[in-house]
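Everything below concerns the one structure shown next.
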Amino acid sequence: MAKSRSIFICSSCGTKSPKWIGHCTACGEWNTYIEEFETLTNTAKEEPSWKKMAKGLQPNAIKRLDEIQESVLKRLDCGDPELNRALGGGLVKGSVTLLAGQPGIGKSTLLLQLAMTIKLEKVLYISGEESEEQIKIRAQRLKKSQNNCYLFSETNIESILQEASKMSAELIIIDSIQTIYNGSNSSTAGTVSQIRDCANEIIRYAKEMNIPIFIIGHITKEGDIAGPKLLEHMVDTVLHFEGDKHYSYRILRTNKNRFGSTDELSLYEMNSEGLNPVLNPSALLLSQHDERLSGSAVACTIEGLRPLLVETQALVGGAVYSTPQRVATGFDNRKLSMLLAVLEKRCGFHFGVQDVFLNIAGGIRINDPALDLSIVASLISSLEDHALHRQICFAGEVGLSGEIRAVSRVDLRIQEAERQGFKAICISKFNGSILPRNKSQIKIVQLGTVHELYEKVFAK
Ligand code: TYD
Ligand code: MG
């Protein structure tokens with residue numbers, strides 16, 4: 001029998017070490033070494049493996065690029081427009097998709113919904129985490145037809161794939177990769193080598209049988225997919241499911257897609273009957289109050305290819321402690337300090353003695369630089385206690401010298417603002433070149449500096 005020995009592997013970069021070490025010398029990460037068992041074979045006496053392969057197996061033929069026939073990519077309709085969009089227009093046969101997200105965000109719900117709505121005869125849902133009864137209860141909450149969905153509580157990858165091929169499943173969902181193990185590997189489930197081995201088997205099965213497979217993966221506190229980065233390289237598509245658990249909105253982001261664009265973004269709302277696609281996200285993300293309140297402004301942002309109107313809210317008040325507080329929710333704290341410094345230096349506002357709280361309504365995180373102008377507007381509005389008109393929105397990046405910089409796809413932003421009933425939009429004057437092409441009725445206010453913003457929007 002082959003001997004096995006203990007070895008430590010860095011879960012971040014895969015470097016091996018005979019002893020546990022706290023700091024990986026290869027990638028510089030801390031506390032990433034995990035013990036695993038490696039089977040020892042005497043490789044010195046053996047023939048190189050490629051020679052053995054050459055004797056036994058018949059490899060695929062090598063072809064010149066122009067000899068290869070194009071096949072039209074057939075996509076399956078998931079029965080969910082938002083998931084179709086995230087996958088680049090539907091599910092591709094033979095593809096492996098990784099769905100990653102924090103615990104409790106709704107990964108199992110999303111894929112169980114898919115299993116019950118997709119128009120296929122046999123969908124196999126493998127659960128290594130929950131009992132069949134738990135899944136049944138969830139399925140009842142979702143209130144969808146469920147005649148095509150088969151459950152299998154199993155964690156051994158060999159028996160999973162064997163059963164799947166016996167029943168000729170047309171779609172397999174594996175919940176989750178961290179609970180599945182491969183019998184020929186002696187490490188426990190969830191370790192780097194188990195995840196890698198199981199993923200290998202899964203990918204090979206998907207390609208050979210030409211069926212789509214979904215894998216659910218947990219993410220660590222830092223937001224990385226638990227297990228080796230390798231997993232992300234191996235699969236065809238990586239989807240991230242994110243959102244704040246205290247809010248009902250969830251965002252499905254495409255981080256990698258071999259069959260489509262990675263600019264996609266889908267929005268869901270979690271309610272008592274599962275996840276519902278949000279068809280008009282802008283209307284939902286704007287806070288629902290009629291009266292004009294100071295400190296709030298609307299930003300016209302773009303996430304992926306989708307324009308989204310979000311409300312930025314600021315509260316500026318006299319500091320209680322000697323060091324004023326700067327607290328931002330859904331926005332980078334350092335960026336907030338930078339915008340405050342710009343307002344202080346370029347416009348003479350005194351934020352140095354004020355506590356500043358900033359919130360992006362809806363609990364979603366947006367990284368679009370076009371948010372800056374709206375944040376600056378809400379900060380001034382709160383400081384001056386001057387409520388902005390409800391029908392004005394902003395899209396611009398603020399630079400260190402107080403200039404308002406041009407942002408991308410401004411015509412899309414203007415269209416969305418008009419569609420949502422806004423009467424005016426403030427943009428950078430450097431975006432002015434789009435004006436001759438612009439056919440919308442909305443008033444466009446062009447601004448060069450933050451000072452101009454104050455003069456044109458706030459001066460009474
Ligand atoms: P789940 O899919 O189990 O999350 P994950 O697999 O990512 O860990 O979803 C968990 C949460 O979703 C749970 O807190 C309850 C909530 N939920 C609803 O609000 N409505 C529903 O219809 C369902 C099925 C779940
Ligand atoms: Mg789950």
Side-chain angles (χ1 to χ4, degrees), residues 78-80 82-83 86-87 96-118 123-146 148-155 157 160 171-181 189-190 194-195 198-199 202 213-227 231-232 235 237-255 265-279 281 284 362-365:
C78 299
D80 172 349
E82 294 292 298
L83 190 57
L87 293 169
V96 178
T97 307
L98 174 67
L99 175 67
Q102 285 180 337
I105 204 80
K107 302 180 293 297
S108 308
T109 310
L110 181 70
L111 292 190
L112 187 63
Q113 247 175 246
L114 163 72
M116 290 160 63
T117 47
I118 194 163
V123 180
L124 184 59
Y125 189 99
I126 306 222
S127 179
E129 293 194 342
E130 288 154 311
S131 68
E132 286 160 9
E133 291 77 24
Q134 278 173 307
I135 300 174
K136 173 83 186 165
I137 294 169
R138 177 175 302 138
Q140 277 168 347
R141 284 178 77 172
L142 301 179
K143 297 201 179 97
K144 303 237 161 42
S145 70
Q146 40 189 291
N148 60 341
C149 182
Y150 295 81
L151 286 187
F152 189 27
S153 267
E154 177 57 71
T155 50
I157 189 71
I160 290 172
L171 166 67
I172 305 178
I173 294 165
I174 295 177
D175 187 1
S176 66
I177 186 79
Q178 276 88 2
T179 56
I180 307 290
Y181 74 96
Q194 276 291 7
I195 292 181
C198 294
I202 292 169
I213 300 187
F214 270 94
I215 308 174
I216 290 181
H218 296 285
I219 61 173
T220 59
K221 258 192 277 156
E222 291 79 35
D224 296 326
I225 294 168
L231 187 58
E232 283 179 69
V235 298
T237 307
V238 180
L239 303 177
H240 267 260
F241 207 29
E242 25 182 279
D244 191 324
K245 263 198 275 177
H246 306 290
Y247 288 89
S248 55
Y249 308 116
R250 303 280 183 271
I251 297 181
L252 189 63
R253 256 182 234 277
T254 315
N255 281 17
L265 176 122
S266 304
L267 266 158
Y268 287 93
E269 191 184 9
M270 177 73 99
N271 59 24
S272 60
E273 289 174 12
L275 289 157
N276 283 324
V278 176
L279 300 176
L284 266 177
I364 66 168
R365 216 184 164 84

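Indexing begins at 1, ligand by ligand and atom by atom, following the structure's order. Quick note: residue numbers are just sequence positions, from 1.
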request  = Say whether, by atom type as modelled, one donor and one acceptor occur between the side chain of E82 and the main chain of L267 under 3.5 angstrom.
outcome  = yes
key: Test item: N276 side-chain N/O and N271 main-chain N/O as donor-acceptor pair under 3.5 Å   = no
task = With sequence neighbours left out, write down each residue that passes side chain to side chain contact (heavy atoms under 4.5 Å, CB included) with S248, or none if nothing qualifies.
result = E269
query = Is there a donor-acceptor pair under 3.5 Å between the side chain of T109 and the backbone N or O of G274?
reply = no
request  = Mind listing the closest non-hydrogen atom pair of L275 and G106 along with its distance?
outcome  = CD1-O, 3.7 Å
ask   = Do any N or O atoms from the side chain of R250 and from the backbone of F241 form a donor-acceptor pair under 3.5 angstrom?
value = no
message = Quick one: does any side-chain atom of K107 pair with a main-chain N or O of Q102 as donor and acceptor, under 3.5 Å?
response = yes
query = Among L87, L99, N255, L98, which one satisfies side-chain contact (heavy atoms from CB on, under 4.5 Å) with T237?
reply = L87
query = Excluding waters, which protein N, O or S atoms are within less than 2.8 Å of the Mg ion (ligand 2)?
reply = S108 OG
task = Tell me the residues surrounding ligand 1, counting only those with a heavy atom closer than 4.0 angstrom, sorted by chain and number.
result = Q102, P103, G104, I105, G106, K107, S108, T109, R138, R141, M270, N271, S272, E273, G274
request  = Report the residues that fulfil side chain to side chain contact (heavy atoms under 4.5 Å, CB included) with S153, sequence neighbours left out, ordered by chain and then residue number.
outcome  = E132
